[in-house]
There are 2 protein chains.
Amino acid sequence: MVKINVSGCDSFVKEEQYKQYVDKALAAWDTLMSEQGAGNDFLGWKTLPEGVSEEELSGIEEICKAWAAKGIDLVITVGIGGSYLGARCAIEALSHNFAKQLKRKAGDAPDVVFAGNTLSEEYTSELMDLAKERNTACVVISKSGTTTEPAVAFRIVKQYLEETYGREEAAERIVAVTDAKRGALKTLSTQEGYKTFIVPDNVGGRFSVLTPVGLLPIALAGFDIRAMLKGAADQKSEMYSKSEANSAVQYAAMRNLLHSEYGKSTEILLCYNPKLTYLAEWWKQLYGESEGKDGKGIFPASVTNTADLHSMGQFIQEGSRIMFETVVSIDKSAREVIIGEDPQNLDQLNFLAGKNVEHCNKMAQLGTKLAHIDGGVPQMEISVEKIDEYNLGSIFYFFEFACGVSAYTLGVNPFNQPGVEAYKKNMFALLHKPGYEEQTAAILKRIGE
Amino acid sequence: MVKINVSGCDSFVKEEQYKQYVDKALAAWDTLMSEQGAGNDFLGWKTLPEGVSEEELSGIEEICKAWAAKGIDLVITVGIGGSYLGARCAIEALSHNFAKQLKRKAGDAPDVVFAGNTLSEEYTSELMDLAKERNTACVVISKSGTTTEPAVAFRIVKQYLEETYGREEAAERIVAVTDAKRGALKTLSTQEGYKTFIVPDNVGGRFSVLTPVGLLPIALAGFDIRAMLKGAADQKSEMYSKSEANSAVQYAAMRNLLHSEYGKSTEILLCYNPKLTYLAEWWKQLYGESEGKDGKGIFPASVTNTADLHSMGQFIQEGSRIMFETVVSIDKSAREVIIGEDPQNLDQLNFLAGKNVEHCNKMAQLGTKLAHIDGGVPQMEISVEKIDEYNLGSIFYFFEFACGVSAYTLGVNPFNQPGVEAYKKNMFALLHKPGYEEQTAAILKRIGE
């Protein structure tokens, strides 16, 4: 379960102002809960913790078993944006830091790698080098089946699987997560007999980690998705209680106050464990895409400390005073490493002998908080007990619910992303896509060709 | 060699203003070249492309040979900040995307992994799991040998190597990059007989990638550091010619103009190849640490497209208008993947059949540039022919030189980082480090303990 601590902002904001913004956030909470606000046809994520059916969960578990029985050791997950970041975030958070380099042991879950999240030719080609060494399967995630990046990657992966294993066996090694009825990928799946899971119509990509979009790759990577949903469900019951103590209300209130009244343009999500680096990437999409519109929004950035204390640390301490920080703090480490005594003590570290490394990490975190507050950077803290499926489920639901509250507080529709089409239209015109003839002529003229 | 294109800013700035900022940047160029500016005792990086001696280079190559002869397949590189990011950036840019997962072949260079860049106990402990499976050596990089993160990690790695291989053999498997005369690591190296390389006194950490700090790990990973230095040397001769056409002058002028006259608080470094993700991390330290002081500085952020067009893309297109972009563009891909014809064409991609994937990537890049300009985001482009050691050397030198010019244009000392000490002092006090008794008492009182 997620705890919040906003005391690191106390010296920057007036108490009555904070109360005002808590009231604004409580009004936004009403808008979200009454489902009368903008984008209210995309609120399916709210009830996902209990909404994922036993049939879906056991269906996912059957895929894991069937592919284990085939000895699948590589799963290429094709998807972009919300069909990529949630699964990657969870898998990186829950995996051994060196999972990709350690010798594979019997019973190890397959490596899950990602495709369709780039148009880099080197990436796509080099991924096939890996596929050729492995016993490979594919999860393709696309509501329409026509989004360029995943569609290009899937053409290549599908062709490889059919050439390597034959069309019939390839169909056993491809699972699609797509629309329930419509779309190219749904049609193909029916034709080829792919197993399919559904992307609900009322859940936007960036809110879809607790649908099969996220749950299938996470389960294939060997993690307990039922525990993740339980963590989300317990978090949901907290989010659903209207109160000034509601952590989503507090987070939404403080970040909007710092932005609107104190001109903080940028929020830095901060962690002290490299496994959480992709949590920040998932969070950037969630908040950037939900709030970054109508010329508004808090710019989402991230650092991973203590590495970045020796990189962005200088700027955060003494540069332009445009940011506040939100730390994702983990109470307990899953490992223990005790620092040893060294008779020579040339490095002068014997004062740490007998202490564990995480103690130093925690003191770096506290020392940084105090230093940044002194430097003019307000800091909030979101904490959970440890990194596991349960707590990650809580974090996902917390940030999703708080995002809805925060975006309504800011006064934007949290659930659309009209700006994402702009580059696509230009790209299609430049690629001479049928139906874009006028735009093609116009854009070629614009670039002088 | 680096080319620059600032035409993506033309519609945002007045030509005479740009001329004014080019003049400011040319004055800053004079300050940098005359070596009369602030921080002028840290200009050793300027002459590194020819300054690295044949003795150092062949010394590095001898280590590579000696460790290859021992069958070393894992090199733990201990360092943080500038003693980490340059090597990681180069190794990720030059490596196969799936290098860590592909089967190792005879003659493969060792895996280079990083430590001492975090106080995460899980990371440190899990790194040792990997070391136990491998034939392991260590490069430890620290001027003083007492910086907390690398010193803690090196204690653990050194102890492991001595217990596993014996003290004498461990000394053959440890190379130190450190101060020429002083410091804990220098003293230890002399005692234990470690081979050592020098961190020059007049080169700051973030400018040290072309010293043994970066060159040794890059060479160990199997890359051609002589070609990298050649690329830097050729770039240097361009940087040294005073001209309005000088790409460093143009970059410094435009970014300062956009920041100072148009209120752009944030620069996003943008790439379309995931191998360059860590180039952005290296760049963030270089620019953030050089300019982020005295309450000044352009906030450095980054995205990797097209992935992030489905994440941060919405905010960049339509959110708060606080940013400009700098694209690092690569002319040629090292691989080719042709998109195939599909008789069914359910995904409607046959209009791309016969085209290679990189063509789509380039059209996405151009389409995004036009969309962002229309959305109010100025865009500069830094381009090189391809990703290789030569061009990466050029990029490193370009950004370093341009950083000096830009920071002098902004009016700050490019070469200090006074703010980095703030968290350390608090951390030492909280860890009860000898000599910090007063600060310990004060900080414990402050946090109410």
Side-chain angles (χ1 to χ4, degrees), chain A residues 80-81 96-98 100-101 117 119-126 130 146 151 184 188 265 273 285 288-289 292-293 297 301 306-307 310-315 317-320 322 333 335 337 346-347 349 351 357-358 360-361 363-364 367-368 370-371 417 419-420 422-423 426-427 430-431 433, chain B residues 80-81 96-98 100-101 117 119-126 130 146 151 184 188 265 273 285 288-289 292-293 297 301 306-307 310-315 317-320 322 333 335 337 346-349 357-358 360-361 363-364 367-368 370-371 417 419-420 422-423 426-427 430-431 433:
Chain A
I80 194 164
H96 190 290
N97 275 291
F98 297 90
K100 294 186 177 347
Q101 282 150 285
N117 59 343
L119 288 168
S120 163
E121 192 159 35
E122 291 176 5
Y123 184 93
T124 311
S125 171
E126 290 171 5
L130 181 62
T146 57
L188 180 70
S265 64
N273 185 324
Q285 183 192 6
E289 211 163 75
K293 53 196 67 160
T306 63
H310 296 253
S311 167
M312 289 296 292
Q314 167 64 37
F315 194 112
Q317 189 67 50
E318 297 187 337
S320 303
I322 60 174
S333 169
R335 296 282 191 113
V337 181
L346 287 169
D347 56 15
L349 285 186
F351 73 100
V357 173
E358 199 63 21
C360 304
N361 203 23
M363 293 305 103
T368 301
L370 299 172
Q417 53 285 329
V420 177
Y423 95 92
N426 290 340
M427 176 176 69
L430 289 161
L431 289 169
K433 185 173 183 172
Chain B
I80 193 164
H96 191 290
N97 275 290
F98 297 90
K100 293 182 176 354
Q101 282 149 285
N117 58 342
L119 288 168
S120 162
E121 191 159 37
E122 291 175 6
Y123 184 93
T124 311
S125 170
E126 290 170 5
L130 182 62
T146 57
L188 180 71
S265 63
N273 185 324
Q285 183 192 5
E289 212 164 75
K293 53 196 67 161
T306 62
H310 296 253
S311 165
M312 288 296 292
Q314 168 64 37
F315 194 113
Q317 189 67 50
E318 297 187 337
S320 304
I322 60 174
S333 169
R335 296 284 190 110
V337 181
L346 288 169
D347 57 15
Q348 300 158 35
L349 286 186
V357 174
E358 198 62 21
C360 305
N361 203 21
M363 293 305 103
T368 301
L370 299 173
Q417 53 285 329
V420 177
Y423 95 92
N426 289 341
M427 177 176 69
L430 288 161
L431 288 169
K433 185 172 183 172

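Each chain gets a letter, A, B and so on, in the order its sequence line appears, and its residues count up from 1.
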Review point. Where does B:Gln317 contact chain A at under 4.5 Å (heavy atoms): side chain, backbone, both or neither?
Key: side chain
Study note, to complete from the structure: Most contact-rich option vs chain A, by heavy-atom pairs under 4.5 angstrom, among B:Met427, B:Gln101, B:Lys433, B:Gln285, is B:Gln101
Review point. Where on B:Leu349 is there a heavy atom nearer than 4.5 Å to chain A: the side chain, the backbone, both, or neither?
Key: both
Review point. Sub-3.5 Å donor-acceptor pair from the side chain of B:Gln314 to the main-chain atoms of A:Gly292, do we have one?
Key: yes
Practice item. Could you have a look at B:Ala422, B:Gly419, B:Ala151, B:Gly81 and say which one has the most heavy-atom pairs with chain A under 4.5 angstrom? Key: B:Gly419
Check your understanding: Any side-chain heavy atom of A:Tyr123 within less than 4.5 Å of one from A:Asn117?
Key -> yes
Revision key, fill the gap. Whatever's closer than 4.5 Å to a heavy atom in chain A on B:Ala301 counts as side chain
Review point. From A:Ser125 OG over to B:Glu358 CD, what is the distance, rounded to the nearest 0.5 angstrom?
Key: 11.0 Å
Exercise for review: Could you tell me which portion of A:Ile322 (side chain, backbone, both or neither) has an atom closer than 4.5 angstrom to a non-hydrogen atom of chain B?
Suggested key: side chain
Practice item. Take A:Glu121 and B:Asn361, measure what side-chain contact (heavy atoms from CB on, under 4.5 Å) needs, and give me the verdict at the end. Key: CA-CA 8 Å; A:Glu121 192 159 35; B:Asn361 203 21; over 6 Å; no
Point to revise | Any donor-acceptor pair under 3.5 Å from B:Glu122 side chain to A:Arg335 backbone | key: no
Check your understanding: Taking every heavy-atom pair that is under 4.5 Å apart, which of B:Gly313, B:Ser311, B:Ala371 has the most such pairs with chain A?
Key -> B:Ser311
Check your understanding: What part of A:Glu318 lies closer than 4.5 angstrom to a heavy atom of chain B: side chain, backbone, both or neither?
Key -> both
Practice item. First locate atom OG1 of B:Thr146, then atom CG of A:Leu346, and finally report the distance between them rounded to the nearest 0.5 Å. Key: 10.5 Å
